[in-house]
Amino acid sequence: MLARYYTYSQFESHFSKLIKRFKIESLNEIEIGTSVLGKSIYGLKLGSGNIKILAWSQMHGNESTTTRALCQLLETTDFDKELDNIQLYIIPILNPDGAQSWTRVNANNVDLNRDAVNLSQPESRLLRDIIDNFQPDYCFNLHGQRTIYGSLDGTSPIQMSFLSPAGDQERSVNEVRLKSMNVINRIYSQLKNEVTGSIGRYGDAFNINCIGDYLTSRNIPTILFEAGHAGNDYSRDKVTDLTTTSLKVAINTLNEDMSYNSKTLMEYNGIPSISSNYSDIMIKNYPSSDGLTTLFIQYHEQVKDENLYFIPILIGLNREEIINAHEVIDIDTCLSFTNDLIIEESLEVYSESLNIKIFTN
Ligand SMILES: [Zn+2]
């Protein structure tokens with residue numbers, strides 16, 4: 001499996017081996033365009049069936065989980081039988097420059113998921129061309145989520161979330177949205193017992209500049225996958241496996257049961273909403289000059305020398321909107337704490353006794 005961070009050439013070398021199984025000898029055969037900085041973008045077309053699915057990942061460069069899951073899917077030979085009924089078009093990394101530099105935006109500092117109408121960037125225009133030429137019946141819009149999301153009551157982190165995007169300001173539920181809700185419901189019922197965190201439903205506020213909303217407005221059912229985070233899975237290995245399973249269930253659903261009915265919306269609305277109420281680390285009862293304080297720490301992700309570093313940054317004290325954290329340390333019950341916590345001017349936090357330090361992935 002690819003690690004959470006890979007250089008673009010590491011990805012190319014990995015992907016070129018995976019596609020040999022599909023009788024593609026070289027990546028040159030599947031180059032479909034180039035990024036702002038001239039990196040190749042690839043499109044792999046598999047299967048010969050009637051139902052056409054278009055899936056792209058990493059339009060946000062620092063969200064690698066779904067690319068890793070797509071690669072994992074391609075390695076699974078039992079998935080090949082699904083290709084009899086479908087055509088699957090995969091664009092594994094739409095934003096290679098952002099993937100290399102570990103930024104959300106592309107090399108022109110543009111968020112490609114706010115460029116669906118403007119088409120100001122070569123990567124956005126490429127995706128639009130593929131949509132217009134391939135004419136997908138379904139789209140999978142594959143993303144990764146930050147560590148800040150929890151269930152509404154804050155008792156559980158959101159490990160995966162999904163959305164059937166709105167196609168208009170009124171967020172009307174029409175046939176197009178019911179089709180994608182049906183797929184999400186199937187993924188939810190399969191995965192809800194396999195996760196250590198929760199599965200959530202992403203908010204459906206409408207923004208035509210977001211690709212999913214734009215596609216729904218064009219009557220193309222689209223499913224937003226958000227690979228999230230739970231516990232200490234900073235390598236995101238566990239959530240990569242869950243994402244691969246989600247992709248398999250989605251493809252299987254489109255092979256076998258695309259139907260939706262009067263219960264589809266109700267079932268979909270039964271998936272819990274998500275809230276930004278989590279942090280990476282919470283330190284309770286920290287003795288400060290103002291008395292006992294709760295500290296909230298969030299890792300800042302930075303790529304340097306082809307490594308991904310997680311730098312702990314203090315983001316606030318006593319923040320009421322943050323209910324929980326992936327690691328909760330209570331100084332009251334922490335026998336090894338020696339009050340060695342250092343907060344730099346940059347707000348970087350270190351503590352040997354609490355094991356808070358920069359780590360690499
Ligand atoms: Zn994203």
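Read the numbers this way: they start at 1 and go in the same order the structure lists the ligands and their atoms. As a basis for the values below, the full set of heavy atoms in this structure was taken, side chains included, without hydrogen atoms, waters or symmetry mates. Throughout, residue positions are numbered sequentially from 1 according to the sequence presented.
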Inset, instruction - Flag this pair as yes if the NZ/CZ of K52 is under 6.0 angstrom from the six-membered ring centre of F134 and inside a 45 degree cone about the axis; otherwise no. - result: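 Yes, a cation-pi geometry holds between K52 and F134.
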
Legend entry - Spatial distance of atom OG (S336) from atom CG (L354) [nearest 0.5 Å]: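 Here the rounded value is 6.5 Å.
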
Starting from the Zn ion (ligand 1), look over the N/O/S atoms of [X] and name the nearest one.
X	answer
H143	ND1
H60	ND1
E63	OE1

Inset, instruction - Check whether more than 12 heavy atoms from other residues, nucleotides or ligands sit under 6.0 Å from atom CG of N50, and answer yes or no. - result: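 Counting other residues, nucleotides and ligands, CG of N50 stays at 12 neighbours or fewer.
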
Legend entry - Residues, nucleotides or ligands: over 12 heavy atoms within 6.0 Å of R146 CZ: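 No, not enclosed.
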
